[in-house]
There are 2 protein chains.
Amino acid sequence: MKKTMRSTRGPRPGSTARVEGIDYGNLPVHFGYALKRAQIAAFEAFARATAGRPITPPRYTALVILEANPGISQTVLGEVLGTARSGAMMLTNWLVARGLAERRHRPDDARAWGLYLTRHGKAIVGRLKRSVWQHDQHFGARLGPAERRELLRLLGKLAP
Amino acid sequence: MKKTMRSTRGPRPGSTARVEGIDYGNLPVHFGYALKRAQIAAFEAFARATAGRPITPPRYTALVILEANPGISQTVLGEVLGTARSGAMMLTNWLVARGLAERRHRPDDARAWGLYLTRHGKAIVGRLKRSVWQHDQHFGARLGPAERRELLRLLGKLAP
DNA sequence: TATTGTTATACTCTATAACTATA
DNA sequence: TATAGTTATAGAGTATAACAATA
C-alpha cells in the first residue's frame with residue numbers, strides 16, 4: 001500500500017494499456033481475455049476507493065457479507081466467497097486481528113463459530129461501501145445507462 | 001493439477017454458485033463484482049481447456065504473444081501482460097525450463113534477450129489455441145450471437 | 001460417519017527494491 | 001543517466017491433506 005516512484009518506464013504493473021506494435025492475435029475476441037481486462041480496469045477503481053487501506057476485494061466482500069449476515073459460519077463464508085474453508089479461516093483471522101470482526105460461540109453447535117462485525121468493523125464497512133459504490137459507478141459511467149443495464153444482464157447470464 | 005475426491009460438501013472452491021439464504025446486499029449490481037464472477041466462470045472454461053496441463057492464463061497469454069511476436073524482449077512481454085519485469089522474467093524462466101521457449105542474444109542490444117518459442121513450444125501452443133478457443137466459444141454460447149457481439153463491445157469500452 | 005475449524009504446506013501471481021551489465 | 005535483466009523478498013490468494021473436537 002506504499003506509494004513510491006517507479007524506477008522504469010512504460011505502463012505501470014496492473015495496467016490494461018495496449019502495447020504499440022504488438023500482435024495480440026485473437027486474444028481480444030476471447031470472452032475470458034476481455035472479461036479479465038475489464039475486471040482489471042474495475043479493480044483499479046476499487047483500489048482507488050480503498051487507497052491507503054489494506055482492503056482487498058475478498059476482504060471487502062467478507063465485510064459486506066458479515067454485515068448483512070451476522071452469525072454466519074466460516075464454512076458458509078467460504079462457500080459465499082467461493083474458496084476453501086482454510087482460506088475463509090485465514091481471512092477471518094485477518095479481520096479478527098484488526099478488530100473488524102469477532103468469533104462468538106454458538107449455543108446450538110459447539111463446532112462452529114458465529115461471525116460478527118465489531119462496532120469498529122461496522123463503522124469501517126459503512127464508509128467503505130459508500131466509497132466503493134461511488135468509484136464503481138464512476139467506472140461504469142464509461143457506458144451509458146442502457147449499456148450499463150445491458151452489461152449487468154449479460155454478465156448475469158454468464159455467471160448465474 | 002491433481003484430481004482428487006473432495007473431503008467436504010458444498011460448492012467446490014472457485015465456484016460462482018450462489019449460496020441459499022444469504023443476503024448479498026448490493027454486491028451483485030457492482031460492475032467490479034459482476035465482472036469478477038463472470039471472469040471466474042470464464043476461467044472454469046479455460047481450466048477445462050487446459051485440464052491436465054500446468055497452463056495458467058498468464059502462461060497461455062505469454063505463449064500466444066511469443067508465437068505472434070518472435071524476438072520480443074522480457075520487458076515488453078511484461079508490459080503486454082501488465083506485470084512488473086520480475087514477473088515476466090519468472091514466467092520466461094518457467095517457459096524455458098519446460099522447453100517451450102528460448103532466449104537468444106540480440107546483435108543490436110547486449111542487455112536484452114530475444115524470446116522465441118521452440119519447435120516444441122510452437123506445437124504445444126497450436127494445440128492449446130484450438131482447445132482454449134473452442135471452450136471459450138462454448139462458454140460464450142450462453143449468450144446469443146448479437147449478445148456476444150454486444151458484450152465484447154461493452155467490455156472494450158470499459159478496458160480500451 | 002460427517003462436519004467445523006484448524007494446522008501445515010505448497011504454488012501462483014504480483015509487487016518493490018537493489019544490484020549488474022550495457023547503452 | 002537510463003534501460004534490460006536479475007535476484008531477493010514479501011504479501012495475497014488459493015488449494016490439498018490430515019487432524020481434533022463435536023454432531
Side-chain angles (χ1 to χ4, degrees), chain A residues 1-15 36 39-40 43-44 46-47 50 54-62 72-79 81-97 103-115, chain B residues 1-15 36 39-40 43-44 47 50 54-62 71-79 81-97 103-115:
Chain A
M1 290 310 185
K2 227 185 328 179
K3 272 181 196 151
T4 55
M5 281 293 113
R6 294 195 58 237
S7 59
T8 57
R9 284 298 128 61
R12 82 168 185 298
S15 161
K36 180 68 178 174
Q39 189 252 309
I40 288 173
F43 172 73
E44 291 173 354
F46 178 88
T50 58
I55 300 297
T56 60
R59 289 170 185 171
Y60 176 74
T61 303
I72 193 177
S73 73
Q74 286 182 188
T75 293
V76 173
L77 178 62
E79 289 174 3
L81 296 170
T83 72
R85 285 173 301 154
S86 55
M89 203 214 74
M90 288 189 293
L91 188 46
T92 302
N93 283 349
W94 190 90
L95 296 174
V96 170
R103 293 176 166 102
R104 296 189 203 158
H105 287 292
R106 283 191 172 187
D108 59 310
D109 190 337
R111 295 172 303 177
W113 299 110
L115 303 180
Chain B
M1 290 311 187
K2 228 187 324 180
K3 272 181 197 153
T4 54
M5 280 294 113
R6 295 194 57 237
S7 58
T8 56
R9 285 298 129 62
R12 83 168 184 299
S15 163
K36 179 68 179 175
Q39 188 252 309
I40 289 172
F43 172 74
E44 290 174 354
T50 59
I55 299 297
T56 60
R59 288 168 185 171
Y60 176 74
T61 303
I72 193 176
S73 71
Q74 285 182 190
T75 294
V76 173
L77 177 62
E79 290 174 3
L81 296 170
T83 71
R85 285 173 302 158
S86 56
M89 204 214 71
M90 289 190 292
L91 188 46
T92 303
N93 283 350
W94 190 90
L95 296 174
V96 170
R103 292 176 167 103
R104 295 188 203 161
H105 287 293
R106 281 191 173 188
D108 59 310
D109 190 337
R111 296 173 303 179
W113 298 110
L115 303 180

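Numbered from 1 within each chain, the chains take letters A, B, ... in sequence-line order.
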(request) Starting at atom CD of A/Glu44, determine the distance to atom P of C/dT14, rounded to an integer number of angstrom. (result) 13 Å
(request) Could you check A/Pro57 against A/Ala110 and say which one's nearest nucleotide on DNA chain D is further toward the 5' end? (result) A/Pro57
(message) Could you tell me how far apart B/Leu91 (CG) and D/dA4 (P) are, to the nearest whole angstrom?
(response) 18 Å
(request) Calculate the interatomic distance between B/Asp108 atom CG and D/dT3 atom C1'; express it in whole Å. (result) 13 Å
(request) Round to a whole Å and report the spacing from OH of A/Tyr60 to P of D/dG13. (result) 15 Å
(message) Distance check, rounded to the nearest 0.5 Å: B/Arg106 atom CZ versus B/Leu115 atom CG?
(response) 8.0 Å
(message) Let me confirm one number: the CD1-OG1 distance from A/Ile55 to A/Thr61, rounded to the nearest 0.5 Å.
(response) 10.5 Å
(request) Can you tell me the distance, in whole Å, between the CG atom of B/Leu77 and the P atom of D/dT3? (result) 19 Å
(request) Just say parallel, tilted or perpendicular for the rings of B/Trp113 and B/His105, cut-offs at 30° and 60°. (result) tilted
(request) Assign a letter to each nucleotide of nucleotides 5-12 of chain C from its 5' end: B, base within under 4.0 Å of a protein heavy atom; S, sugar-phosphate only; -, no contact. (result) BSB----S
(message) Restricting to non-hydrogen atoms, name the atom on A/Leu91 and the atom on A/Pro58 that form the minimum distance, rounded to 0.1 Å.
(response) CD2-O, 3.9 Å
(request) Identify which one of A/Glu79, A/Arg85, A/Arg103 satisfies the side chain to side chain donor-acceptor pair (under 3.5 Å) criterion when paired with A/Gln74. (result) A/Arg103
(request) Measure from CD on B/Glu79 to P on C/dT14 and round the result to the nearest Å. (result) 15 Å
(request) Can you tell me the distance, in whole Å, between the CZ atom of A/Phe43 and the C1' atom of D/dA12? (result) 10 Å
(request) Mind checking B/Ala84 for me? I need base, sugar-phosphate or nothing, with any heavy atom below 4.0 Å counting as a touch. (result) base
(request) Using atom CZ of B/Arg106 as one end and atom P of D/dT3 as the other, report the distance to the nearest whole Å. (result) 15 Å
(request) Look up atom CZ in A/Phe46 and atom CD in A/Gln39, then write down how far apart they are to the nearest 0.5 Å. (result) 11.0 Å
